Amino acid sequence: MQAKINDMTLAYSDSGSGQPIVFLHAFPLNRTMWAEQEAALSSHHRVITIDLRGHGESDAPLWHYSLDQAADDVRALLDHLSIRQALFVGLSMGGYILLAFYRKYADRMKGMVLADTRAQADTPEGKAGRFQMAQIAYKQGPSAIADIMLPKLLSPATIQARPKIVQQVRTMIEGNQISGIAGDLMAMAERPDSVPLLQQIACPTQIIVGELDQATPPADAKLMAEQIPHAKLAIIPNAAHLANLEQPEEFTKIVAAFANELA
Ligand code: MLT
């Protein structure tokens with residue numbers, strides 16, 4: 001499905017009925033990373049998955065991107081769908097966007113799941129790495145980004161023994177336009193430190209992390225769990241950064257249990 005949002009086309013899926021759950025994907029993927037969660041949860045919930053600006057079937061305008069703007073896109077899509085409040089699930093960059101969304105639109109959040117993400121801003125080295133990656137995207141294209149990102153996203157065991165998942169992730173990355181990849185990198189590099197926000201978060205929060213996640217390790221998840229009032233933490237064994245793809249059943253079970261508590 002598609003909607004005209006903030007002067008561009010945003011692609012999304014909307015399936016099932018019941019309490020809405022909105023899923024925001026990681027960098028540099030798209031909404032199909034949530035296929036297993038969508039299939040399992042749409043029997044009891046209205047499940048919305050979104051291709052964020054710059055990704056998948058959404059437009060990837062060549063211009064400045066920011067996480068606040070991504071939050072504005074999500075809010076406008078919720079308005080378009082007449083959804084007043086939802087449970088949000090964001091993984092990695094999706095989690096960064098949830099923190100931006102909370103700053104602007106906390107009243108639209110019934111609860112949030114921060115998965116494989118962190119509250120801290122980029123370090124100077126991290127920002128320099130974003131710049132380098134944008135140059136690689138520009139000069140060599142999305143498949144070079146896939147080569148760099150795959151070992152950061154998936155565990156060595158998955159890379160070795162689960163070629164279907166590896167191919168699925170590669171296809172998602174290669175389907176993005178360079179404008180979207182570079183736009184995300186600029187947006188993530190500019191994001192503020194959200195650690196001071198954590199103690200002010202008043203909506204129910206579930207934190208999830210793959211025990212082998214090196215991009216946003218369990219220590220980052222623990223920091224959020226310690227600072228966000230009443231937050232819960234789940235660590236998924238045998239999963240790295242894309243915990244929802246590597247251990248889909250376990251990930252879905254945690255989200256489903258959290259959604260039921262909010263009902
Ligand atoms: C992601 O998975 O969204 C990225 O690894 C986040 C990041 O690069 O900080």
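Scope of the values below: all heavy atoms of this structure, side chains included, with no hydrogens, waters or symmetry mates. Remember, predicted model here, so these are calculated numbers, not experimental data. Remember, it's 1-based here, ligands and their atoms both numbered in the order they're listed. Residue indices begin at 1 and follow the sequence shown.
- Around CD of Glu36, the count of heavy atoms belonging to other residues, nucleotides or ligands within 6.0 Å does not exceed 12.
- Residue, atom and distance of the protein heavy atom nearest to atom 6 (C) of ligand 1 are Ser92 OG, 3.0 Å.
- Checked by atom type and distance alone, the side chain of Ser66 never pairs as donor or acceptor with a backbone atom of His64 at under 3.5 Å.
- Between His241 and ligand 1, at least one N/O pair is under 3.5 Å apart.
- Using a 4.5 Å heavy-atom threshold, the side chains of Phe258 and Val113 count as touching.
- Salt bridge Asp147/Arg170: present, at least one basic N to carboxylate O contact under 4.0 Å.
- Backbone and side-chain nitrogen or oxygen atoms of Met93 are examined, and one is located within less than 3.5 angstrom of a nitrogen or oxygen of ligand 1.
- The shortest heavy-atom distance from Lys152 to ligand 1 is not under 4.0 Å.
- Distances between N or O atoms of Leu153 and those of ligand 1 include no value under 3.5 Å.
- For atom 9 (O) of ligand 1, the nearest protein heavy atom (residue, atom name, distance) is Tyr96 OH, 2.6 Å.
- The nearest heavy-atom contact from the protein to atom 7 (C) of ligand 1 is Arg130 NH1, 3.4 Å.
- Formation of a donor-acceptor pair under 3.5 Å by the Ser179 side chain with backbone atoms of Ala60 is found in this model.
- With ligand atoms numbered from 1 in the order given, ligand 1 contributes 1 (C), 2 (O), 3 (O) to contacts under 4.0 Å with heavy atoms of Ala26.
- Considering His25, Glu57, Glu38, His55 as possible partners of Arg31, the one that fulfils the side chain to side chain donor-acceptor pair (under 3.5 Å) test is Glu57.
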